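Note that the coordinates shown come from a computational prediction; the quantities given were computed from them, not determined experimentally. Below, chain A is the first sequence line, B the second, and so on; all start at residue 1.
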Number of protein chains: 2
Amino acid sequence: MSQFFLSIGPRVHKSPFFDATVAAGVTHFSIYNHMFMPTYYGDPQAEYRRLTEGVAMWDVAAQRQVEITGIDATDLVDVLSARDVTGCRVGQAKYMPMCDHDGRLINDPLVLRVDADRWWISISDGDMLLWCRAVAFERGLEVSVEEPDVSPMAVQGPKAEDVVAALLGDWVRQIRFFEYRPAEIDGIPLWVGRAGWSKQGGFELYLLDHTRGTDLWELVASAGAPFGIGPGAPNYVERVEGALLSYRADTEWDTDPFEARLDRWLDIDRDTDFIGKAALQRKRAAGPRRRLTGLFVEGEPLAPNSHPWPIVIDGDQVGRVRAVAHSPRLRRNIALAMLRTGITTDTALEVETEFGDLRRAVVTDLPFIS
Amino acid sequence: MSQFFLSIGPRVHKSPFFDATVAAGVTHFSIYNHMFMPTYYGDPQAEYRRLTEGVAMWDVAAQRQVEITGIDATDLVDVLSARDVTGCRVGQAKYMPMCDHDGRLINDPLVLRVDADRWWISISDGDMLLWCRAVAFERGLEVSVEEPDVSPMAVQGPKAEDVVAALLGDWVRQIRFFEYRPAEIDGIPLWVGRAGWSKQGGFELYLLDHTRGTDLWELVASAGAPFGIGPGAPNYVERVEGALLSYRADTEWDTDPFEARLDRWLDIDRDTDFIGKAALQRKRAAGPRRRLTGLFVEGEPLAPNSHPWPIVIDGDQVGRVRAVAHSPRLRRNIALAMLRTGITTDTALEVETEFGDLRRAVVTDLPFIS
C-alpha cells in the first residue's frame with residue numbers, strides 16, 4: 001500500500017492529547033468518532049514490544065462517551081443493551097453489545113455505571129449519541145443523553161500497574177478488572193479503571209477536563225519513565241493475536257453478535273424487551289451461517305491488509321479475511337476471517353491477497369494467544 | 001501544521017473509485033462516513049483553478065445514501081426533515097436540514113425522490129442510517145431503511161456540462177438544478193443530476209454498481225480530456241468563498257439551523273409534527289445568540305486552520321473562526337466564524353491564529369463570492 005497524507009482540518013476534532021502526541025512523534029493517524037486518533041509513532045516493532053514486554057501510553061480519547069443521566073437512565077441502558085448490565089455496581093463496567101431492531105451489531109462499547117442514575121457508554125466508532133438520543137426521545141424517557149467532557153488515555157502492558165501506582169498511589173493495585181474509581185492528580189480530575197483494548201493488562205485514565213490533556217500526558221510519561229514507558233496506540237498485531245473484536249474492521253455491515261462470537265455477552269432471554277430481542281432469538285434458533293474465525297495463512301510474513309480479502313474453496317468465495325497480521329510471537333501469519341460455518345481444520349482454503357498472490361490457509365481456534 | 005500519514009486498514013471502507021484516484025495521483029485523504037475520501041492531488045492551486053475555470057472530477061462516494069422505501073417512506077422523510085420536502089417530484093432533490101428533538105442540526109443532506117415511495121438521503125458526515133432506523137422502528141413504520149449501492153462522483157466547474165454531455169449525450173443539458181435522471185453508459189447503471197458541492201455548477205453521477213468504479217472514472221476522464229478535466233475534491237477555498245455550509249467544520253456540537261444560516265430551508269410552521277418542531281419554534285422566538293458570519297482577516301495570506309480559532313474583543317471571546325482561507329480571487333483572507341450576534345462591520349475583532357499571532361478582522365456579508 002502506498003502512503004498517503006491525512007488532511008487536518010476543523011471538521012475533525014483534535015484530542016486533548018493531540019499536541020502531546022505530536023511532541024511524542026506520532027507519524028500516523030486514523031479518524032475515529034470524528035476525532036484524530038494516533039495509530040503509529042514510526043516504529044511498529046518497538047511499539048509492539050513495549051506493549052507486550054513493558055508499558056505503553058495511548059491517546060484513545062476517540063473512545064467517546066455517551067452519558068445517560070436521569071430517573072429513566074438505567075431503563076434506557078437496559079433497552080439499548082443485548083446484555084443485562086443493570087446489575088453493575090457504581091464504579092463497575094461491562095462489555096455491552098448493542099444491536100439494532102434487526103439484531104445487527106451496531107456497536108460494542110464498555111458501559112460504566114458512574115452513579116445510580118448515571119452511565120457512560122464508551123463507544124467504538126459510530127454515532128451512538130444519535131442512536132441513544134433517538135430511542136430516548138421517541139420513547140419519551142426522562143433522561144438526558146449527552147457527550148460529557150471525558151477523554152480516555154490508556155496505559156497498557158505488563159508494567160502498566162507499576163506506572164499507574166507510581167502516578168496515583170499503590171491503592172490502584174486493588175482495583176479489579178473493569179472497575180473504575182474517581183481520582184485526582186495535580187488538580188486534574190480523573191476516573192481510573194483497570195481496562196483497555198489489549199490482552200496485556202493495564203489501566204484507562206478518563207481525563208475529565210479537556211484543557212489538561214498535555215499536563216496528564218506529561219505526568220504519565222514522567223511516572224512511567226523509570227519503567228521505560230513510550231507512546232503507542234491500539235495495536236493491530238497484538239489485538240489480532242488476542243482476537244479482540246474491532247467493530248467495523250472485523251464485521252460486515254450486517255454482522256450479528258453470534259457471527260462476531262459475542263454469545264457469552266448476550267442475555268437475550270431476559271424479561272426486558274430490549275432492542276433486537278426478537279431478531280436475536282430468531283437468529284439464535286437458525287444458527288449463524290458465518291462466524292468470525294481464526295486462520296493461519298501460509299508463506300512469507302504478510303503486511304496488514306488494507307481491505308478485506310476473499311477466501312475461496314475451489315474458486316467459490318466462502319468468506320473474507322477481515323484482518324491479517326504477522327505475529328512476532330507465533331512467527332506465523334494469522335487472520336481473523338468472517339467465514340461460512342462448517343469449515344473444518346482439514347479444509348484447504350485459499351486467500352486472495354491484495355498483493356496479487358494466492359495463499360493457502362487453514363482454520364484454527366481463537367484466540368491465537370490467550 | 002506538520003504532515004502526518006493516514007493509516008489504511010479494513011475498518012474504513014475504500015470507495016469504488018479508490019484505485020482510480022490512487023492512479024490519478026491522490027496525495028491526501030480524510031475519512032468521511034467511515035470511508036476514505038480524497039482531499040488533494042498534490043497541487044491545491046491547480047485544483048482550485050480547474051474547478052473555477054475548467055472542470056474537475058471528484059470521488060465523493062463518501063456522500064453515502066440512506067434509502068427509505070415503503071408505504072410510509074414519505075411520512076418518515078417528512079418527520080425527519082425540518083423542511084417540507086414532500087412535494088418533490090420523482091427525480092427532484094431538495095436540501096434538507098435534519099434536527100434532533102432539541103432542534104440541534106444533526107445533518108444537512110440532499111434528499112432525492114427516486115420513486116413515489118422511495119427516497120435517497122445523501123448525507124454529510126454522520127451515521128444517519130442509525131438515526132433514521134431508530135426513528136422508523138421506534139414508530140413502527142412500514143418502511144425499509146438501508147444503505148443502497150450508490151456512490152456519487154462529481155463533475156464540477158464551468159465546463160462540467162460539456163463533459164457530461166460528451167459522456168452521456170446532449171439531453172443532459174436539459175436537466176435542471178437539483179434534478180436527477182436515470183442513465184447508463186457501457187452497461188454501468190447511473191443516476192445523473194445537476195448538483196454538487198461547489199458554486200461553479202456541475203453534475204453528480206450516482207454510480208449504482210460499486211464494481212464499476214474504475215470503469216466510470218476512466219470514461220469520465222476520457223470524455224473530459226478535450227476540456228482539460230483533472231482530478232480534484234470538494235474544495236476548501238472555493239466553498240469558503242461561496243459560504244457553502246460544511247457540517248461539523250462550520251458548526252459547533254449544538255448548532256441549530258438558524259445559527260447555521262439555514263432559515264430559508266426551514267418549514268417549521270407546517271402541520272407535520274416533525275422532529276425538533278417545538279424546539280425550533282422556541283429558538284426562532286428567542287432569536288439566535290450566535291450565527292455563522294463572514295470575516296475578512298487582515299495581513300499576510302493565511303494557511304487553512306487545523307482547528308477553530310478564538311475571536312476576541314478586548315480579550316473577551318465572542319466566537320470562533322471555524323474555517324479560514326486565502327481567496328485567490330479576492331486576494332484576501334476570508335473566514336467563516338460562529339460569532340455572537342449584534343457585532344457590526346465597524347467593530348474591531350481580533351483572531352488568535354494557531355501560528356502564534358493575533359490578526360485584526362472585520363465582519364462582512366456572506367457569501368464572499370456569489
Side-chain angles (χ1 to χ4, degrees), chain A residues 1-14 18 22 26-32 34 36-40 100-102 104 106-107 125-128 130-139 147 233 236 246-250 253 275 304-309 320-324, chain B residues 1-14 18 22 26-32 34 36-40 100-102 104 106-107 125-128 130-139 147 233 236 246-250 253 275 304-309 320-324:
Chain A
M1 198 72 225
S2 314
Q3 287 209 305
F4 302 103
F5 294 112
L6 173 68
S7 280
I8 307 266
R11 187 176 52 78
V12 177
H13 296 227
K14 291 179 179 176
F18 184 88
V22 170
V26 62
T27 57
H28 290 67
F29 283 97
S30 187
I31 294 174
Y32 196 97
H34 312 289
F36 299 112
M37 181 176 69
T39 52
Y40 289 107
D100 69 12
H101 302 72
D102 287 333
R104 300 174 192 166
I106 56 171
N107 212 277
D125 187 34
D127 292 335
M128 301 316 293
L130 286 178
W131 177 261
C132 297
R133 286 178 66 88
V135 173
F137 278 102
E138 290 294 314
R139 296 190 177 204
E147 182 175 312
Y236 192 87
S246 174
Y247 179 66
R248 292 189 194 279
D250 300 344
W253 64 276
I275 295 173
N305 55 311
S306 71
H307 59 249
W309 296 345
R320 303 208 291 174
V321 165
R322 299 292 326 188
V324 68
Chain B
M1 198 68 226
S2 314
Q3 286 210 308
F4 302 103
F5 294 112
L6 173 67
S7 279
I8 307 265
R11 187 176 52 77
V12 178
H13 295 224
K14 290 179 178 176
F18 183 89
V22 170
V26 62
T27 57
H28 290 67
F29 283 97
S30 187
I31 294 174
Y32 196 96
H34 312 289
F36 299 111
M37 182 175 70
T39 52
Y40 288 107
D100 69 12
H101 302 72
D102 286 331
R104 299 174 192 166
I106 55 170
N107 212 277
D125 187 34
D127 292 334
M128 301 316 292
L130 286 179
W131 177 262
C132 297
R133 287 179 65 89
V135 173
F137 277 102
E138 291 293 315
R139 296 192 176 203
E147 182 175 313
Y236 191 87
S246 174
Y247 179 66
R248 292 189 193 281
D250 300 345
W253 65 275
I275 295 173
N305 55 312
S306 71
H307 59 249
W309 295 345
R320 302 209 291 174
V321 165
R322 299 292 325 189
V324 68

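Using a 4.5 Å cut-off between heavy atoms, B:Arg104 contacts chain A through its side chain alone, with no backbone atom that close. Both the backbone and the side chain of B:Leu130 come within contact range of chain A, each with at least one heavy atom under 4.5 Å from a heavy atom of that chain. Residue contact with chain B, scored on non-hydrogen atoms closer than 4.5 Å, is absent for A:Val321. Proximity to chain A is limited to the side chain of B:His34, based on heavy atoms less than 4.5 angstrom apart. For A:Asp100, the part lying near chain B is the side chain, with the backbone staying farther off; criterion is any non-hydrogen pair under 4.5 Å.
B:Asp102 contributes atom CG, which lies 4.5 Å from atom CZ of A:Arg133 (distance to the nearest 0.5 angstrom). From B:Thr27, atom OG1 reaches atom CZ of A:Phe4 across 9.0 Å, with rounding to the nearest 0.5 Å. The line from NE2 of B:His307 to CD1 of A:Ile8 is 11.5 Å long, rounded to the nearest 0.5 Å. Interatomic distance, A:Met37 CE to B:Ser7 OG, rounded to the nearest 0.5 Å: 8.0 Å.
Chain A forms more heavy-atom pairs under 4.5 Å with one residue of B:Ser246, B:Gly9, B:Ala323 than with any other, namely B:Gly9. Contact count versus chain A (heavy atoms, under 4.5 Å) is highest, among B:Val135, B:Ile106, B:Asp125, for B:Asp125. No other option in A:Pro10, A:Ala249, A:Gly126 has as many heavy-atom pairs under 4.5 Å with chain B as A:Pro10. Comparing B:Tyr32, B:Trp131, B:Tyr236 by heavy-atom pairs within less than 4.5 Å of chain A, the highest count is held by B:Trp131. No other option in B:Val12, B:Ile275, B:Thr39, B:Asp250 has as many heavy-atom pairs under 4.5 Å with chain A as B:Thr39.
Residues satisfying the side-chain contact (heavy atoms from CB on, under 4.5 Å) criterion with B:Ala136, sequence neighbours excluded, are B:Leu76, B:Val143, B:Val145. Scanning for side chain to side chain donor-acceptor pair (under 3.5 Å) contacts around B:Ser30 gives A:Arg11, with sequence neighbours left out.
By the 30° and 60° cut-offs, the orientation of the rings of B:Phe137 relative to A:His101 is parallel.
A:His28 and B:Leu6 get closest at one heavy-atom pair: CD2-O, 4.2 Å.
Separation of the A:Phe5 and B:Phe5 ring centroids falls under the 6.0 Å cut-off.
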